[in-house]
Number of protein chains: 2
Amino acid sequence: MEKTICKFCNLKSAAAKKLNEDEICALGNNCAEVQFKTGDIIIKQDALSTNVVYVKSGLVKIHIKGPIKERIRKIIKAPAYLCLPSTFGDKVNHFSATALEDTSICFIDVNVFKQFIYDNGDFAYQIILDLSKGELQNFHSCLNNAQKQNIGRVADAILFFANEIYNSNSFTLPISRQDLADLTGITRESASRILTDFHNEKILEIDSRKITVVNEALLRQISEKG
Amino acid sequence: MEKTICKFCNLKSAAAKKLNEDEICALGNNCAEVQFKTGDIIIKQDALSTNVVYVKSGLVKIHIKGPIKERIRKIIKAPAYLCLPSTFGDKVNHFSATALEDTSICFIDVNVFKQFIYDNGDFAYQIILDLSKGELQNFHSCLNNAQKQNIGRVADAILFFANEIYNSNSFTLPISRQDLADLTGITRESASRILTDFHNEKILEIDSRKITVVNEALLRQISEKG
DNA sequence: TTAAAAATGTGCGTTATATCACATTATTCT
DNA sequence: AGAATAATGTGATATAACGCACATTTTTAA
């Protein structure tokens with residue numbers, strides 16, 4: 001969904017408010033742009049809603065209360081849709097979203113979005129392409145998680161942040177060790193141990209959350225081995 | 001994607017052929033309906049293609065060569081789209097599809113599909129709803145697989161066939177034990193053992209691939225426990 | 001600046017599950 | 001029908017990873 005832009009926020013702006021504890025993130029009509037700060041909850045699992053949500057700028061984690069424990073499903077980097085109409089099919093969110101850095105979010109009324117689809121075939125087609133592609137990518141990320149061992153998954157996560165999010169071998173991890181564990185589906189202790197191992201083997205330079213990939217080739221090798 | 005019907009197969013019918021070993025499943029133009037028998041390969045991973053593929057009737061498994069081993073991603077029951085345009089973004093399939101029973105497949109030229117999107121906003125919107133919903137369902141099925149133990153996953157798979165595919169507590173499993181293992185991400189031996197356990201605990205009646213759910217309540221309980 | 005709270009690191013026993021080896025049962029083919 | 005082949009069942013190990021306990025470090029708040 002890389003090349004999509006929010007075509008709606010220029011339309012009208014409705015009254016917008018951030019999500020409080022028991023509040024609902026649905027807006028009345030049309031579209032509104034809202035600023036979130038690091039750590040703010042953007043969408044809350046099980047809350048009611050009827051908006052299309054678009055990440056205009058920033059970084060967001062999608063997380064879900066699984067059958068056993070919390071799981072981070074993915075990290076979304078702007079610009080991208082965070083959720084589309086049927087995500088709210090029953091008007092209840094099935095996931096939460098939290099800002100990992102200062103983030104600007106567009107809430108688009110689902111009827112506005114629908115009308116836009118009707119009027120703009122090329123836009124509709126692009127959305128379909130993006131969704132279909134995303135679905136396929138899910139396939140493969142699930143596969144990775146399912147088949148690789150813990151060490152390979154952590155390697156993947158580090159490479160993901162370096163290459164997909166920050167385009168740099170040196171970055172500050174935007175999430176905690178626990179989050180890294182929840183993202184890769186392992187325990188906090190295992191995540192911690194593996195990072196230490198990577199440091200000892202001179203694959204990573206680690207200073208708390210500051211990470212530098214020293215030996216990317218080896219990291220890739222670990223990822224591929226599974 | 002339950003309520004969608006193939007709106008294309010009434011247009012024109014092009015020359016259609018089944019997939020041979022090294023053959024390509026792409027059709028020239030427009031749309032063609034092709035019959036497949038149980039076990040036939042419908043789509044082959046890494047083959048070239050430029051079609052939208054729609055399952056008009058039958059049952060299909062989507063499987064992928066993972067980084068380590070084969071994995072069954074999901075079972076698709078007609079009517080449903082098997083793949084959409086961007087699945088072929090690079091014109092190479094990233095998965096295989098195999099018929100689990102006699103199946104009728106529509107291959108739709110991507111340009112025909114695109115034009116239809118342009119002309120029919122309601123259709124486009126419906127596709128978007130379906131895709132978005134499917135993506136979310138993937139979320140949760142991944143979660144299940146990731147967090148539950150083997151026994152819970154097998155319980156899920158059995159419940160899936162009973163409730164989603166056959167709507168009956170008595171059915172013939174359309175896949176082998178190995179496939180069941182690949183579907184749940186466990187080993188063949190584990191799958192086998194768990195089925196035997198279920199039989200001993202009088203949860204299932206098992207006669208080779210014929211399965212009867214005797215104690216669905218207990219099966220659900222196992223599924224929920226993880 | 002210091003105390004309290006949160007996050008992280010690390011050793012160790014336990015356990016679920018993979019892996020290996022082989023027996024048994026189905027299925028296919030001639 | 002009978003042989004060959006494939007699929008399935010099952011015991012005995014090996015091992016990756018979890019879970020627990022607690023030490024240490026970092027962050028937050030007062």
Side-chain angles (χ1 to χ4, degrees), chain A residues 37-39 61 66-72 98 100 144-158 172-201 204-211 222-223 225-226, chain B residues 37-39 61 66-72 98 100 144-158 172-201 204-211 222-223 225-226:
Chain A
K37 295 199 97 58
T38 307
K61 71 171 176 184
I68 313 294
K69 55 182 176 177
E70 180 90 358
R71 178 77 195 245
I72 295 177
T98 302
L100 292 178
N144 275 344
N145 268 337
Q147 295 189 2
K148 288 184 182 178
Q149 305 193 169
N150 286 3
I151 185 172
R153 302 192 211 178
V154 174
D156 280 348
I158 299 297
T172 301
L173 203 63
I175 55 175
S176 68
R177 295 291 192 273
Q178 181 64 63
D179 271 6
L180 182 65
D182 291 341
L183 179 66
T184 50
I186 66 180
T187 57
R188 180 186 62 76
E189 294 93 325
S190 294
S192 201
R193 269 186 263 267
I194 289 169
L195 285 185
T196 306
D197 289 349
F198 283 166
H199 177 252
N200 290 339
E201 293 159 26
L204 298 181
E205 193 63 46
I206 301 176
D207 174 20
S208 184
R209 290 196 187 176
K210 231 171 225 147
I211 289 183
I222 289 168
S223 159
K225 246 207 323 234
Chain B
K37 297 200 97 56
T38 306
K61 72 171 176 183
I68 313 294
K69 55 182 176 179
E70 181 90 357
R71 179 79 195 242
I72 296 178
T98 302
L100 292 178
N144 275 345
N145 267 336
Q147 294 189 2
K148 289 184 181 177
Q149 303 193 169
N150 287 2
I151 186 173
R153 301 193 212 177
V154 174
D156 281 348
I158 299 297
T172 301
L173 202 64
I175 55 175
S176 68
R177 295 292 191 272
Q178 181 65 63
D179 270 6
L180 182 65
D182 290 341
L183 179 65
T184 49
I186 67 180
T187 57
R188 179 186 63 76
E189 294 92 327
S190 294
S192 200
R193 268 186 262 268
I194 288 168
L195 286 184
T196 306
D197 289 349
F198 283 166
H199 178 254
N200 290 339
E201 294 160 25
L204 298 181
E205 195 61 47
I206 301 176
D207 173 20
S208 185
R209 291 195 186 177
K210 233 171 224 146
I211 290 183
I222 289 168
S223 160
K225 245 203 331 229

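Numbers restart at 1 for each chain; the letters A, B, ... are given by sequence-line order, proteins then strands.
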Whole angstroms only, please: what is the CG-C1' distance between A/D179 and C/dT8?
13 Å
For B/K69, check side-chain contact (heavy atoms from CB on, under 4.5 Å) against everything at least two apart and list the hits.
A/Q147
Inter-end axis angle, the helix from C/dT1-D/dA30 to C/dT30-D/dA1, with every axis fitted to five base pairs (rounded, 10 degrees):
60°
For the side chain of B/R177 and the backbone of B/S192, is there at least one donor-acceptor N/O pair under 3.5 Å apart?
no
Counterpart residues, salt bridge (Lys or Arg N to Asp or Glu O under 4.0 Å), relative to A/D156 (two or more places apart)
A/K148
With sequence neighbours excluded, residues passing side-chain contact (heavy atoms from CB on, under 4.5 Å) with A/A181
A/Q178, A/I186, A/A191
How would you list, by chain and number, every residue that makes a side-chain hydrogen bond (donor to acceptor under 3.5 Å, both in side chains) with A/E70, sequence neighbours excluded?
A/H63
Just how far, in rounded Å, is C1' of D/dA6 from CZ of B/R177?
14 Å
Rounded off to whole Å, could you give me the CD-to-C1' distance for the A/Q178 and C/dA6 pair?
12 Å
Tell me which pairs pass salt bridge (charged side-chain N to carboxylate O under 4.0 Å, His left out) where either residue lies in residues 190-201 of chain B, with sequence neighbours left out.
none
Expressed in angstrom and rounded to an integer, what is the separation of A/D182 atom CG from D/dC18 atom C1'?
14 Å
Using a cut-off of 4.0 Å between protein heavy atoms and nucleotide atoms, how would you tag nucleotides 25-30 of chain C 5' to 3' with B, S and -?
------
Identify, with sequence neighbours excluded, every residue that meets side-chain hydrogen bond (donor to acceptor under 3.5 Å, both in side chains) alongside A/T196.
none
Which parts of residues 148-157 of chain A get close to DNA chain C, meaning a heavy atom less than 4.0 angstrom away?
none
Can you list, by residue number, the residues of residues 183-198 of chain A that have a non-hydrogen atom closer than 4.0 angstrom to DNA chain C?
A/R188, A/E189, A/S192, A/R193, A/T196
Using whole Å, what does the distance between atom P of nucleotide D/dA7 and atom CG of B/L173 come to?
15 Å
B/T38: side-chain hydrogen bond (donor to acceptor under 3.5 Å, both in side chains) partners, not counting sequence neighbours
B/D102
So salt bridge (charged side-chain N to carboxylate O under 4.0 Å, His left out) across residues 179-190 of chain A, not counting sequence neighbours, yields A/K61-A/D179
